[in-house]
There are 2 protein chains.
Amino acid sequence: MDGDRLDEILDRLRDRGGRVTTARRAIISELLRGGGHITAEELTAAVQAAHPDVHTSTVYRCLETLGELGIVEHAHLGHGPAVYHLADDTHQHLVCESCGSVLEVPAEVFAVTDARLRDEFGFTATLGHFAIVGRCAACTGLKSRRRRPTEH
Amino acid sequence: MDGDRLDEILDRLRDRGGRVTTARRAIISELLRGGGHITAEELTAAVQAAHPDVHTSTVYRCLETLGELGIVEHAHLGHGPAVYHLADDTHQHLVCESCGSVLEVPAEVFAVTDARLRDEFGFTATLGHFAIVGRCAACTGLKSRRRRPTEH
DNA sequence: TTAGCTGCAAAAGGTTTGCAAATTA
DNA sequence: TAATTTGCAAACCTTTTGCAGCTAA
């Protein structure tokens, strides 16, 4: 059940010293529902549907706090606003610069390069903060062995 | 000589239908001098040292045009302003989220992952637009076999 | 000459902040 | 009760735009 998931996260929030408020509960539920890729503005609108006086600045502040507590993460898919998702679902975004479609790929795909960056440069990469830009299968005429891009 | 390099780029600019103006010449010289990683604001200041009435908006417009003509590129290293560099030096930026240092790594390092993205997802990645975030050797205590991060 | 650039001023877009009042633990 | 969080308004920072005048080709 989804409520269980929510309660689990709220407990984690409390455990880490944060307070559970209407705004935070609503934001986390919405992130659970939507499954990620939501901007602060969209999130605000969704939250305000049920709680009209939750202000945009509150949403930003909640997202910041939840970020610091390791509950939420954000990613940059392009030049527009950042998108937010729960921190337990880390993945890399591939964004098509031609059609804007977004493909999520699992961390595992980057294992070889990760190892190389660590070996040769001592650099430990954190996946997912910035998208990788390029061109999707549909826009290049290449065929993909796996998933198709999601609409954007 | 550096002037040769500049003239070569200005010719390219003309060839591609752009006009050579004071602002554009100054911007390109500055990018040649500085070697990249310069923000629009820094670039404006540098240009204004010699040409005080080149306006910020002109710099942005020049950078945009030069981008469309394939002469300049920009990259996002973090949450701040974008940084600009000449297009003939494409590379990937690794940014340390702890100390902010920036490491440039050649495209070749990503060859295996690139091939995999193309094979499995039909996605052709364009390197360098967004940085890869992580932690540098100094901040993790790992040793690196190659270069050290540059100051930021 | 004339399409392409530029300066200026103003606005846009996303995000952050100061402060007093409200709320959580 | 005490420390956090919130609503609101206003600011911030980077980048974009409209427009009339200027300039490179």
Side-chain angles (χ1 to χ4, degrees), chain A residues 7 9-28 37-45 47-48 50-69 71-84 129-131, chain B residues 6-7 9-28 37-48 50-69 71-84 129-131:
Chain A
D7 288 340
I9 297 178
L10 293 179
D11 284 347
R12 202 180 316 159
L13 169 52
R14 254 182 296 250
D15 285 352
R16 297 181 187 176
R19 291 185 177 179
V20 173
T21 65
T22 306
R24 291 178 181 185
R25 198 178 351 249
I27 286 169
I28 295 170
H37 289 177
I38 187 169
T39 66
E41 192 181 7
E42 290 161 350
L43 201 42
T44 303
V47 167
Q48 287 178 341
H51 309 278
D53 40 70
V54 170
H55 199 272
T56 302
S57 68
T58 300
V59 173
Y60 276 106
R61 272 194 281 228
C62 289
L63 289 170
E64 190 188 16
T65 304
L66 294 172
E68 285 160 2
L69 298 179
I71 291 170
V72 161
E73 289 176 349
H74 71 269
H76 301 275
L77 304 187
H79 287 172
V83 295
Y84 293 82
H129 185 69
F130 286 118
Chain B
L6 176 57
D7 288 342
I9 297 178
L10 294 179
D11 284 349
R12 203 181 315 159
L13 169 52
R14 254 182 297 249
D15 284 355
R16 297 181 187 176
R19 292 187 176 177
V20 173
T21 65
T22 306
R24 292 179 181 185
R25 197 177 354 246
I27 287 169
I28 295 169
H37 290 178
I38 188 169
T39 65
E41 191 181 8
E42 290 161 350
L43 200 43
T44 302
V47 166
Q48 287 178 341
H51 309 278
D53 40 72
V54 170
H55 199 273
T56 303
S57 68
T58 300
V59 173
Y60 275 105
R61 271 194 279 229
C62 288
L63 288 170
E64 191 187 16
T65 304
L66 294 171
E68 285 162 1
L69 298 180
I71 291 170
V72 162
E73 288 177 347
H74 72 270
H76 301 275
L77 304 187
H79 286 172
V83 296
Y84 294 82
H129 186 69
F130 285 119

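Numbered from 1 within each chain, the chains take letters A, B, ... in sequence-line order.
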B:His51 NE2 to D:dT23 P, straight-line distance once rounded to whole Å:
14 Å
Which residues share a side-chain hydrogen bond (donor to acceptor under 3.5 Å, both in side chains) with A:Thr56, sequence neighbours left out
none
Nearest whole angstrom, please: distance from the C1' of D:dT15 to the CG of B:Leu43.
14 Å
Phosphate contact (D:dT15 OP1 or OP2) by B:Tyr60 side-chain N/O below 4.0 Å:
yes
Separation of D:dT23 C1' from B:Arg14 CZ (nearest whole Å)
14 Å
Kindly say whether A:Val20 contributes a backbone atom to a donor-acceptor pair with the side chain of A:Arg25 at under 3.5 angstrom?
no
Tell me, for nucleotides 4-12 of chain C in 5' to 3' order, what letter each nucleotide earns: B for a base near a protein heavy atom under 4.0 Å, S for only sugar-phosphate near one, - for neither?
BSSBBB---
For the helix from C:dT1-D:dA25 to C:dA25-D:dT1, how many degrees between its two end axes (five pairs per end), to the nearest 10°?
40°
Given side chains that start at C-beta, do those of A:Leu63 and A:Val59 come closer than 4.5 Å, heavy atoms only?
yes
Whole-Å gap separating C1' (C:dG14) and NE2 (B:His76):
14 Å
Integer-rounded Å distance: D:dA24 C1' and B:Arg16 CZ:
20 Å
Under the salt bridge (Lys or Arg N to Asp or Glu O under 4.0 Å) test, residues paired with A:Arg14 that sit two or more places apart
A:Asp11
What's the spacing between B:Arg61 CZ and B:Leu66 CG if we round to 0.5 Å?
13.5 Å
If I take atom CD in residue B:Glu42 and atom P in nucleotide D:dT15, what distance separates them, rounded to the nearest angstrom?
11 Å
Mind checking what makes side-chain hydrogen bond (donor to acceptor under 3.5 Å, both in side chains) contact with B:Ser57, not counting sequence neighbours?
B:His55
Knowing that exactly one of B:Ile71, B:Thr65, B:Thr58 qualifies, which makes a side-chain contact (heavy atoms from CB on, under 4.5 Å) with B:Arg24?
B:Thr65
Starting at atom NE2 of B:His79, determine the distance to atom P of C:dT16, rounded to an integer number of angstrom.
8 Å
Is the B:His79 ring parallel, tilted or perpendicular to the A:His74 ring (thresholds 30°, 60°)?
tilted
Set of residues satisfying side-chain hydrogen bond (donor to acceptor under 3.5 Å, both in side chains) with respect to B:Thr39, sequence neighbours excluded
B:Glu42
Please report the distance, rounded to the nearest Å, between CZ in A:Arg25 and P in C:dA25.
8 Å
